[in-house]
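Written below as structure tokens is the structure these notes are about.
In what follows, every heavy atom counts, from backbone to side chain, and hydrogens, waters and symmetry copies are set aside. Both ligands and their constituent atoms are indexed starting at 1 by order of listing. All values reported here derive from a predicted model rather than from experimental measurement.
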Amino acid sequence: MQDRTYTADTEPGDDVTVAGWVHEIRDLGGIAFLILRDTSGKIQIKFEKDEMDDDLVETGLDASRESVVKVSGAVEEEPRAPTGVEVTPESVEVVAPADPELPLDPSGKVDADLSTRLDNRTLDLRKEDVQSVFEIRSGVLNAVRDQFREFDCTEINTPKIVATGTEGGTELFPITYFGEEAFMNQSPQLFKQLIAGSNVERVFEIGPIFRAEEHNTPRHLNEATSIDFEGAFCDHQDAMDVAEGIVKAAYEAVQENFGDELEAIGIADEFAVPEGDFPRISYEGAIERINATGELDEQLVWGDDLSTPAEEALGQDVGGHYFITDWPSEIKPFYIKDHDDDPELSTGFDLMHPRMELVSGGQREHRHEKLIEGFEQQGLDPDQFEYYTKMFKYGMPPHAGFGLGGERLIMTLLGLDNIREAVLFPRDRQRLSP
Ligand code: ATP
Ligand code: AMO
């Protein structure tokens, strides 16, 4: 690393070299200030024109906004400076000039639409609020990993190029794999089950999932980050406990470690860790409650999936995170186990934020014969999944798990309007680069 001091670490009396981007230049005539920004904050560089070398003043004050400059000089206390100190430069070097025509304004004074921001992510990330979203995202993934380890889980990585899809209803991206048809994986579902059936027992994965959904909504991506859990000797209630623990751990980590970032985003006052247990509402109870709100044009009946307005009506009614349990078997995938005493009812569950679904999960069908029947009922050819089903013949314990949408977690946690704000380089129907 180059020898430099972060702007936040400068102390009066130090001789420092600071380096960063030109945030702003304020020229007051005899005196001018360059505000230099780096990852740790900003610092004022003072130019007293009559007392300094002309070349040095010119180099500093002619630097265009967002150019990278390196300044060496003495740090002095100055109550009128934004951070209480300023640097009187002895040398100024423009390390990398910026074109004066910027496609967006990193000072945030001029708003840019999301598309312009995503096309120019490097400049966009120079804004403190945008950078804060990604600092928090990184911290949340850390907290999620730590919490999984507390739950005795092993982190795994499963293939993203696969032979078969798993999530009925969502589309697959086909690719060519040495002349054979293959797909980008929609979910680590089958692989995580195969590992939970070994004596590794409890696993988690944080990785990409690919869905060729036609949806162009503020909460769907074509490449998303899935936070997956699978545990042997767990049932759906245990999996719900783990999902709840992971979501709460994410909020707690943000509350504890990211006060400045919440401030920069402008939500420090309203941010709150969810309190109490998340209610577990049966699917049947959920449709009754939704119908009772009178918000929908048509009453829901048993077997209906929950539409976006239905989810919103229930979300408003409940007012916090909640589970929907005991879904009709027919609208849950083949790998979800039905209740032993009622095959119409599944152990599938969703964890909802009032704004949208965050998690799907359930106990898995671990009995070989029943699993094969489930494939046939869903019109899938079990032979294509032989690599998976055969392991259910060699001692597959009861197991359960879930998938949590990483971007949806960040989006709901930070109150972002669009899921694309939670991804550095989102993939959607219109966006394949950058
Ligand atoms: P899953 O992970 O199960 O796909 P999801 O939250 O992505 O969960 P979908 O099953 O894709 O949900 O869709 C759930 C609901 O979202 C649908 O019932 C539908 O009402 C709504 N929805 C999906 N796509 C759109 C869209 N393009 N515009 C408005 N609503 C949509
Ligand atoms: P599901 O398909 O419901 O379940 O996905 C789990 C969670 O992943 C997130 N998610 C998405 N986020 C953004 N854009 C998308 N296109 C998208 N699709 C899904 C959602 C969703 O709740 N195999 C099961 C999980 C399991 O049972 O373990 C599965 O993939 O937050």
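Close contacts of ligand 2 with Glu357, meaning ligand atoms under 4.0 Å from a residue heavy atom, involve 3 (O), 21 (C), 22 (O), 31 (O). Within ligand 2, counting atoms from 1 as listed, the ones closer than 4.0 Å to a heavy atom of Gly405 are 7 (C), 8 (O), 9 (C), 31 (O). Short contacts between ligand 2 and Arg219, defined as distances under 4.0 Å to a heavy atom of the residue, involve ligand atoms 13 (C), 14 (N).
Looking at Lys192 against ligand 2, only its side chain comes within 4.0 Å, counting heavy atoms. If you look at Tyr335 next to ligand 2, the close heavy atoms, those under 4.0 Å, all belong to the side chain.
Every heavy atom of Gly362 sits 4.0 Å or more from the atoms of ligand 2.
When all heavy atoms of Cys234 and Phe229 are compared, the closest pair comes out as SG-CZ, 4.3 Å.
Taking distance alone, with nitrogen or oxygen atoms compared against 3.5 Å, Ala224 stays at or beyond that limit from ligand 2.
Listed by chain and number, the residues in a side chain to side chain contact (heavy atoms under 4.5 Å, CB included) with Phe425 are Arg121, Pro434 (sequence neighbours excluded). Not counting sequence neighbours, the partners of Thr116 by the side chain to side chain donor-acceptor pair (under 3.5 Å) test are Asp113.
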Q.
Could you walk me through whether Phe323 and His236 satisfy the ring-ring contact (aromatic ring centres under 6.0 Å, His included) test, starting with their C-alpha distance in whole Å, then the side-chain angles of each, then the deciding distance to 0.1 Å, before giving a yes or no?
A. CA-CA 11 Å; Phe323 288 97; His236 56 298; over 10 Å; no
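Residues Thr83 and Gln44 have side chains that never bring a donor and an acceptor to within less than 3.5 angstrom of each other.
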